[in-house]
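Notes follow once the structure below has been shown.
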Amino acid sequence: MISPRTLRNLRSELSRSLLAKLGIAILAVILFTALFAPLLAPHDPTNQNLDNANIPPLGFTATENQTSSEMVDGEVQIVEEEVVVNTTTAHPLGTDSLGRDVLSRTMFGARTSLLVGLFGTSIAVVLGVTVGITAGYYGGRIDDALMRFADVMLAFPSLVLAIALIGLWGQASLRIPDPLVAFGIASSEMPETIVLPGTVIVVVALVNWVWFARVARGEALSVRDQEYVKAARSMGGSDLHVILRHVLPNSLTPILVLATIQIAAIILLESSLSFLGFSGAQLSWGFDIAQGRQYLSSSWWIATVPGLAIVAAVVGINLIGDWLRDALDPGIEGQGGAP
Amino acid sequence: MTDLLRVRDLSTRFFTEEGQINAVENVSFTVEAGSVLGVVGESGSGKSVTGLSLIDLVESPGKITSGEIWYNNADLAERVEGDQPEAVDGDFVDLRRLSAAERRSLRGSAFSMIFQDPMSSFNPSITVGEQIAEAAEVQRRASANPRSTRSRTQGYGLGKMLLDGVLPDRSYTSEESWDRAVELLERVGIPDPAERAEEYPHQFSGGMLQRAMIAQALAGDPDLLVADEPTTALDVTIQAQILDLLADLQETMEMSVVLITHNLGVIARVADRVSVMYAGEVVERGTLRDVFDDPVHPYTKGLLGSVPDIDQPGERLEPIPGNVPDLVDANMPDRCYFADRCPKAMTDCLTRPPEYEVSDGHRARCVLAEREYSEADAVPDERLAGPTDDGAGPNDGSRAPDESTAPDAEVSDD
Amino acid sequence: MALGRFLLKRGIQGVLVVWGVVTAVFLLRFITPGDPVTFVAPLDASAELRAQIAAELGLDQPLYVQYADYIVGLLRGDMGYSYLRGTEASTIVLARVPATVELAVAATVVAVVIAIPLGVISATRRREPADYGATLFSLVGISTPNFWLGIMLILVLSVNFGLFPTSRRPIGLFETVAFLVTVENGLAAPMDVGAFLDGMRTWLWHIALPAVTLGTYFTALITRLTRSGMIEELGQPYVRAARAKGLPESLIQYKHALQNTLIPIVTVLGLQLGTLIGGAVITEAVFSWPGLGTLVINSINVRDWPLIQGSLIVIGTGFVLINIFVDALYAYLNPRVVH
């Protein structure tokens, strides 16, 4: 599947490129955080504590207007005063308007983003590669029909399509028990389930599979007429066998590169949908940005921190995508729809 | 005959990841006014880089590291003398000591170059006429304002490009230059030049495009045309036509031509003088007669021997065994570069040979110019087993970015 | 003329794609759970009232009749009436078009004007500080979600420094230009230049941040494409030939190399148009921009079907039109396509 030459190219490109190493480092940190979020996070990300709301990150100060009522001479007086909110090492990146720990939320948010990216891309790959290879391998009318359909799909902005589909179909969530909590490795105070926006996963796959279909079709077309494939067919190899044995392995490299870029695109798409309030996820970078947007003038960090996390994750994945593309040179154009 | 160009000890190196590559090493030669100098050699002998060095077109990672290129131009000499007396010697100017802007301004007007593959040497998305007109326009603008180098680097930025896109009439070129382009196309023998000028390169045949490239090179009325393998990419019948055209133009326009080729037939047909290059060096030079009738260097003899003789069809060809060294500085031996392929290598060849004068104007970088070959001095093969040979096979990629194709020497086409 | 035939062919294809979009948008309502009447009728509506409303909306007809009616209506410019506002959907939808077009065009202008010179500088000064800066910018630019970028711009430039407004825009470009072409009593009234200039200032002041927000991804992408394209083109033999004939370097870079670089750039931009429109939707949401994007989002939230369908169709049609324009641009830049 992956030839020694491919590995050699990957290695030599990696040793040459500082950016590729940086990308791997960034993604490794984020992956590690996402995997062990319940062990690493200082607090339960969903735990509200209004007494500790809007605490700024370490090294910053913030003031807040506080209203309190007092009994003065038998009358209730409303007192408004400006109080300085102190930072605390318990919340190194501060807290949001409900007193939830921003650092913990950002760590758990990585899980949502990465898992949606991974699941969404996987579904898109399976769908796209199946359609693309069928179209390219059989050609003729099947090909025409499928490719015209793909054109119509591409003729629609993916984000608008996703908004329409989710807005109309509603938000189904996918709950996976968190193994770290279930097996008692992490504190039982952490959330017991990972809640993923199910509709979003399906929809991002539905709006992105076309890219994979195009690439897979191109590969299938070029492989179909190779002598060894003709030979395999003439010797009575079944279509399925020929596809699995010859066509699929050849499509692997460009699909891999495209999938990497698409994960980044899907992470951006997911965060956009969460930001607009369409995803239903309560623990997502996009959702937190939308929350923080309302407190922009007083508590800038609520929207800033998760945004930086998105940028870091996408930069990391894009750097890895560049590395793979430079090393494997699959000759694909475009990069799908990042919002 | 007066000299147009005197090249002294020119060296051009490429600084690559594989190391320093000595593409051209201490090359000296003279180009006489109104004559054709043939530069001949195998692939990787440095002949193309020599041509590019002449008109200052060596690109990074390459660099001319030393040498002098004296160009005979009284006007230029007068102009330069005030600022840079050291760059002037009589009517001659050392181009290497001029400013980059000054050197650039000589391209097109003093020196011009045509290349091996006409199809890739034209911009595919601009009409042929427009591209020739550009070459004429540069000269027109320069002569309209000769004192200013600014007119040479006439700013053509993004704004002008966008304007060109919106208003096609406002292109860089003028009507005058367009007319000149059509005239040039006619001069190089393209039928219906006014219509062909409006076509794009992909609508031309290879031969026609090579003619167009010659027309483009002539736009500035250059003193010297460097032709780098001008016929290699063409059909045999077309090759002859292009050579005749070049010879004709050279004569009527009284320009000099440096004709770079691996094809001895081409040299024999048009050159007045010949320089034979091997491993970045000129190993033998002289008049066509000197070199072809009375070759001294075994390499020249080998090249001539590998051309089939039309009178004796039965005779077997004798290719020169071995490969051109890869020119990587670290691998170059401290002896005659040809010694390990030379059938007449002697102990004297274990030191670097100087250039010997064989007769007036005929020089060879070989001890055989001075003495006879003797069996007694023959070098045993193992003495030559240096870092360059031992069957390293065809060197890949590490060679100077020179010509990519071509066997040792080719059948002449006449 | 060959270009005319080429455009005609693309035009016919475009009509087919628009028809596909219309059909898909029409069918969307039938694969969406929930009866539209529920959203229109009062909560305590009787069965008769509901049936009456369904009949008024034409929802009691068989599917193919509704489809035919809808197509016929569209051909006459009739998109039905907004369920909630009762006014013609087409009026509401078309009123939103200028704002979105202004935003998309402004963003494209920002992107092209910044990115192309930046890419050229980056390509011609490789491994110099300008190149590293441009590379870093394009890497971060394609990885930043534009809604977050918009929020950060508001935070820094509007909230902290007060340089740009946070309010909804008071005037559009068309209203502004109208100051110059006012007609009174059938005669051209004197141009109100002062009002025009004021209007322009206000308009620019309001569109600056949204245009930068939407344009950054494209600026980064085009910078990247320009840089790699220019590096490739400047290594082509024709560039050496152009130098040999004495052309000034700026002419070689901009007229020769850049023009050929634009060909692949236009191709990729064609593939990225969906991203532009999707990005416009989000940008509108961040800046409360009164365009099609906010209309889609709001209409989906209240299930106002005529508005959903109308705005999706207008977006899809606009998309097809821009695609045809891009193809024409491509053919214009690359004469080999036509000849």
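Residue numbers begin at 1 in each chain, while the letters A, B, ... track the order of the sequences.
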**Q.** B:Ala135 versus chain C, the contacting section by heavy-atom distance below 4.5 Å
**A.** both

Q: Indicate yes or no for a side-chain donor-acceptor contact from C:Lys245 to the backbone of B:Val138 under 3.5 Å, with no hydrogens or angles considered.
A: no

Q: Report the C-alpha distance between C:Arg240 and B:Leu57 in whole Å, list the side-chain angles of each, state the deciding distance to 0.1 Å, and finish with yes or no for side chain to side chain contact (heavy atoms under 4.5 Å, CB included).
A: CA-CA 7 Å; C:Arg240 195 172 61 183; B:Leu57 274 184; 4.2 Å; yes

Q | Minimal non-hydrogen separation, C:Ala241 against B:Phe115, with atom names | A | CA-CE1, 3.5 Å

Q: Identify which part of B:Glu59 has an atom lying under 4.5 Å from any heavy atom of chain C, answering side chain, backbone, both or neither.
A: side chain

(Q) The test is salt bridge (Lys or Arg N to Asp or Glu O under 4.0 Å); show your working for C:Glu249 and B:Arg104 and say whether it passes. (A) CA-CA 10 Å; C:Glu249 199 61 27; B:Arg104 192 162 55 230; 5.8 Å; no

Q) From C:Arg243 CZ over to B:Leu52 CG, what is the distance, rounded to the nearest 0.5 angstrom? A) 11.5 Å

Q: Check the surroundings of atom CZ in C:Phe325: do more than 12 heavy atoms from other residues, nucleotides or ligands lie under 6.0 Å from it?
A: no

(Q) Tell me the closest heavy-atom pair linking C:Ala244 and B:Arg107, and the distance in Å. (A) O-CB, 3.8 Å

Q: State the CG-CD distance between C:Leu251 and B:Glu134, to the nearest 0.5 angstrom.
A: 5.0 Å

(Q) Please identify which of these residues, C:Glu233, C:Gln259, C:His256, meets the side-chain hydrogen bond (donor to acceptor under 3.5 Å, both in side chains) condition with B:Asn123. (A) C:His256

Q: Using non-hydrogen atoms and a 4.5 Å limit, figure out which bit of B:Phe122 sits close to chain C: side chain, backbone, both or neither.
A: backbone

